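Sending over a structure as structure tokens; questions will come in a sec.
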Amino acid sequence: MILQNDDYVKRGLNEAVIQNNLLLIHDKAQWFYKKWPGLTAVDGATDPLESRVTNHLRATKDLYREDYERGNSPYPCGISFANYKEDDYAFQDDIMAVFSKMPKCGLLHVHSAAALSVEGLLDLLQEWNGQEIYIVTRGSQMGKMTYQAPAAGNPGNVVELQQFLQFPNRRNALKRWLTVGRHTDHALYIWDEFNQIFMRTAELFTNRDFYVEYHRRFFLECLWDRIDYVELRCGFEEFKLKEKEVKHDEILGQTPDFLDALMEAKNAAVEEYNQQTGKEVWKLPYGDLELGVILCARRDLDAESEQDRIKLMKKIDTAIAWKLGEYKNFIRGFDFVSEEDRGRASYSYYKNIFYGEVMTGYPEGSDAAGVFDQIREEKKLDGALRSELIELMLHAGESLWIEQENIIDAKIACRSRMGHGFQLLEYPGALMCYQAGAYDVSLKAPVLEVCPISNQMLRYFPDIRNHYALILMKMGVPCVLANDDPQILGNPGLSYDFWEMYMASDGGLMMVKGLVFTAFIFQYQYRKNLTLDLWTEVDYNNCLNEFKELYWKPFITEVFENLF
């Protein structure tokens, strides 16, 4: 019942308050974390320590709101994250202190080519003593780094990187070339600036030693931010320089050596982390950092073009072949990355790629046909579709154009996760499927990998308080938080994204708990080699208990002891 103005007069304010409270109780009950049995008490109550921490966080957040309403400073979520961070308004408060101590349980959406923080990358470049790196200092390719020495007669626009960095303020100049922020506010189309940064660093990764050290430092950043599960989206890297010859079964010239390099980097990071951490510092609950990869192809490849179609099929078929071999538990899925609005629609990949018969479709008599025919026969794959053999974890719905319908295709194609997906709110039919699939102990609809700072920096949500994910979570859609491209965006680890999302919402600590537990579910299933759709209630309860005992209770206790 909706009260009219005269109802307030006749019945009094108390009746209106009762009605309003009923609406609020109903709305708060819809948060997706309420869908997880046992995550919170049936009545929504928290334990005493959680309540104390919740109240402390709320009081700290209220100080920001009061300061903003007095006109003393901007509210954090309402201005660019990069500008807010650059102006040093915050991130030294109790909220950040809490989230930096919080085990994040899973980073499920981060791109290999921009995973290390920009400060970490700059340190690496300054300390690098391997193959000489050169940098373009002027012209259309300004900031691009290469191992190629300048040709004779070089006019001076290509110099040794170490020489370049010796001059004052050159580190800051390089930092601007490797990030978006206040210095890119002038850009008419931010994706042009964003893509240019990837071009500036792309060649660095063709050196195997650099690739390993880059990722070792990235994994260390994850560990220091209490992230012990990472799924890294990466392309098929080909090393032009490597110290040792790695013997692998190559598929059409493509070797999985980069997968071994990632594992090598991960192991080195874990070893260093364990050496550096004392008894009083957070230790890895499972004793290791669990790592998986989601292999990727670019969305600008056109499946209607024979050349591009063959390239796409080679990539996904190669990924499937590796996954069916020694990388079964390492390769988690496949994705099509880069900007959606100027890229190809997911639907265009249906016939020949997603739902095409695996390892077929190549020109008769070609090398590809011969190689894949042999693998298909050995693995007995006749009749199997590509989407049946490797899980699709697609970027979808990262757009403001209603005509861009990738969200619908992702709902059909993705079994467990969707990258970004905030546009789901604009498709009520698809949204109903997600709500209907809000489940008991299994994931019957994809989880959204929400990247709030990325979405703000790429101009989808200038104010994170208006982020669609906050509405979707209130409608029961499960989500996890991710940082997307921390080098470019300035948000290493996950603490910044949790800080921003907490400041933007009214979900409080319980929303945060739900986000962390949802990430943990993916970690748990891979560590235990479980398939989510086959979970029993016993599996779910075991997962919940491990989350509480290994992660959440120790975290709340540590925060309580440090804050009170």
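These numbers were taken from a predicted model, which means no experiment stands behind them.
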> Between His186 (side chain) and Arg182 (backbone), is there a donor-acceptor pair under 3.5 Å?
Replying inline: no
CG of Asn195 to OG of Ser338, rounded to nearest 0.5 Å, is 7.0 Å
Please walk me through it: do Ile488 and Phe194 pass side chain to side chain contact (heavy atoms under 4.5 Å, CB included)? CA-CA 8 Å; Ile488 300 175; Phe194 188 70; 3.7 Å; yes
**Request:** Salt-bridge test for Lys266 and Asp288: reply yes if a basic N is under 4.0 Å from a carboxylate O, no otherwise.
**Result:** yes
- prompt: Does the side chain of Asp409 come under 3.5 Å of the side chain of Ser346 through a donor N or O and an acceptor N or O?
  reply: no
Quiz prompt | Tyr229-Phe522 aromatic ring centre distance below 6.0 Å | solution =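 No, they do not, as the ring centres are separated by 6.0 Å or more.
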* Aromatic rings His467 and Phe422: how do their planes relate, parallel, tilted or perpendicular, breaks at 30° and 60°? -> perpendicular
**OP:** Would you tell me whether Trp224 and Ser100 have side-chain atoms, one donor and one acceptor, within less than 3.5 Å of each other?
**Re:**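 No, Ser100 and Trp224 have no side-chain donor paired with an acceptor closer than 3.5 Å.
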### Task
Dump the intermediate steps for side chain to side chain contact (heavy atoms under 4.5 Å, CB included) on Arg217 and Leu124, then the final yes or no.
CA-CA 9 Å; Arg217 296 186 183 212; Leu124 170 56; 3.8 Å; yes
To the nearest 0.5 Å, atom CD1 of Ile197 lies from atom CG of Asp192 at 11.5 Å
Q.
Show, in sequence, the C-alpha distance, side-chain angles and deciding distance for Phe555 and Val98, and conclude whether the side chain to side chain contact (heavy atoms under 4.5 Å, CB included) test is met.
A. CA-CA 9 Å; Phe555 154 63; Val98 168; 3.8 Å; yes
- Query: With no hydrogens and no angle check, do the side chains of Ser73 and Asp67 hold a donor and an acceptor under 3.5 Å apart?
  - Reply: yes
* Tyr64/Tyr75 aromatic ring centres below 6.0 Å ->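 That pair fails the under 6.0 Å test.
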inquiry  = Taking the basic N atoms (NZ, or NE/NH1/NH2) and the acidic carboxylate oxygens, is any pair closer than 4.0 Å for Lys175 and Glu86?
reply    =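 Looking at Lys175 and Glu86, the cut-off is not met.
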I'd like to know whether the aromatic ring centres of Phe517 and Tyr33 sit less than 6.0 Å apart in this structure.
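Aromatic pair excluded; centres sit 6.0 Å or further apart.
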Original post:
Considering only heavy atoms from C-beta outward, does the side chain of Met473 approach that of Val477 to under 4.5 Å?
Top reply: no
Spacing of Asp47 atom CG and Thr40 atom OG1 [to the nearest 0.5 Å]
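OG1 of Thr40 is found 11.0 Å from CG of Asp47.
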For the side chain of Asn72 and the backbone of Tyr68, is there at least one donor-acceptor N/O pair under 3.5 Å apart? no
(Q) Within the 4.5 Å heavy-atom criterion, are Leu494 and Phe99 side-chain neighbours or not? (A)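 When only atoms from C-beta onward are counted, Phe99 and Leu494 do not touch, as no gap falls below 4.5 Å.
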Are the ring centres of Tyr524 and Tyr526 closer than 6.0 Å? no
So do the side chains of Glu391 and Arg332 get within less than 4.5 Å of each other, counting heavy atoms only? no
Check your understanding: Parallel, tilted or perpendicular for Tyr355 and Tyr350, by the 30°/60° rule?
Key ->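 Plane angle over 60°, so perpendicular.
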The single option from Asn483, Asp497, Val180 that satisfies side-chain contact (heavy atoms from CB on, under 4.5 Å) with Leu489 is Val180
Checklist line | Side-chain donor-acceptor pair present, Glu50, Trp552, cut-off under 3.5 Å | finding: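 Yes.
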Does a donor on one side chain sit under 3.5 Å from an acceptor on the other, for Tyr460 and Gln423?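 Per modelled atom types, Tyr460 and Gln423 side chains form no pair under 3.5 Å.
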Legend entry - Value rounded to 0.5 Å, distance of CD1 in Ile453 from CE in Met501: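 It comes to 10.5 Å.
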Practice problem: If the plane angle is over 60° it's perpendicular, under 30° parallel, otherwise tilted; pick one for Phe218 and His215. | Solution: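 If you compare the ring of Phe218 with that of His215, the planes turn out perpendicular.
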Lys/Arg-Asp/Glu bridge criterion (N-O < 4.0 Å) met for Arg233, Asp485
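Looking at Arg233 and Asp485, the cut-off is not met.
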Working note: Lys528 + Glu546, criterion salt bridge (charged side-chain N to carboxylate O under 4.0 Å, His left out); need CA distance, chi angles, decisive distance, verdict. CA-CA 12 Å; Lys528 303 295 183 180; Glu546 289 201 21; 3.4 Å; yes
Checking Arg415 against Phe354: charged group under 6.0 Å from the ring centre and within 45 degrees of the axis?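 Output no; distance or angle outside limits.
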Item to complete: Check whether any side-chain heavy atom of Gln30 sits under 4.5 Å from a side-chain heavy atom of Lys34, and report yes or no.
Response: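 A side-chain contact under 4.5 Å is absent here.
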Exercise. CZ of Arg342: more than 12 outside heavy atoms within 6.0 angstrom?
Worked result: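 Yes - once you tally the heavy atoms of other residues, nucleotides and ligands closer than 6.0 Å, there are more than 12.
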Self-check item: Side chain to side chain, Gln404 and Glu398, heavy atoms closer than 4.5 Å
Solution: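 No, too far: nothing below the 4.5 Å cut-off.
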*asked:* If only side-chain N and O atoms count, and only distance matters, is there a donor-acceptor pair under 3.5 Å linking Ser495 with Asp225?
replied: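 Judged by distance alone, the side chains do pair up.
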Output for pair (Arg527 CZ, Gln525 CD), nearest 0.5 Å, gives 12.5 Å
side-chain contact (heavy atoms from CB on, under 4.5 Å) test vs His109 passes for just one of Met393, Glu449, Glu231, namely Glu449
Note to self: More than 12 heavy atoms of other residues, nucleotides or ligands under 6.0 Å from OH of Tyr286: yes or no?
What the structure shows: yes
| task | Could you check if a side-chain atom of Tyr347 sits within less than 4.5 angstrom of a side-chain atom of Glu405, using non-hydrogen atoms only? | result |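 Side chain of Tyr347 against side chain of Glu405, heavy atoms only: no contact under 4.5 Å found.
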Exercise. Angle class for the Tyr84/Trp499 ring planes (parallel below 30°, perpendicular above 60°, tilted otherwise)?
Worked result: tilted
Tell me whether the count of non-hydrogen atoms from other residues, nucleotides or ligands lying under 6.0 Å of NZ in Lys61 goes above 12. yes
message = Which label fits Phe236 and Phe334: parallel for a plane angle under 30°, tilted from 30 to 60°, or perpendicular past 60°?
response =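 It falls in the tilted class, 30° to 60°.
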*asked:* Is a donor from one side chain sitting under 3.5 angstrom from an acceptor on the other, for Glu221 and Ser117?
replied: yes
Would you sort out whether Ile294 and Leu232 count as a side chain to side chain contact (heavy atoms under 4.5 Å, CB included), showing the intermediate values? CA-CA 6 Å; Ile294 300 168; Leu232 192 63; over 6 Å; no
| Would you call Glu500-Lys85 a salt bridge at under 4.0 Å N-O? |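 The answer is no: the pair does not qualify as a salt bridge.
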query: Are Phe461 and Tyr468 close enough that their ring centres sit under 6.0 Å apart?
result: yes
- Task: Could you tell me whether the side chains of Ser80 and Gln456 share a donor-acceptor contact shorter than 3.5 Å?
- Result: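 No, Gln456 and Ser80 have no side-chain donor paired with an acceptor closer than 3.5 Å.
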CG of Leu122 to CZ of Arg171, rounded to nearest 0.5 Å, is 4.5 Å
Does the distance from a Lys or Arg side-chain N to an Asp or Glu carboxylate O, for Glu339 and Arg299, drop under 4.0 Å?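 Salt bridge: no.
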Decide, yes or no, whether a salt bridge links Asp506 with Lys474 under the criterion of side-chain N to carboxylate O below 4.0 Å.
yes
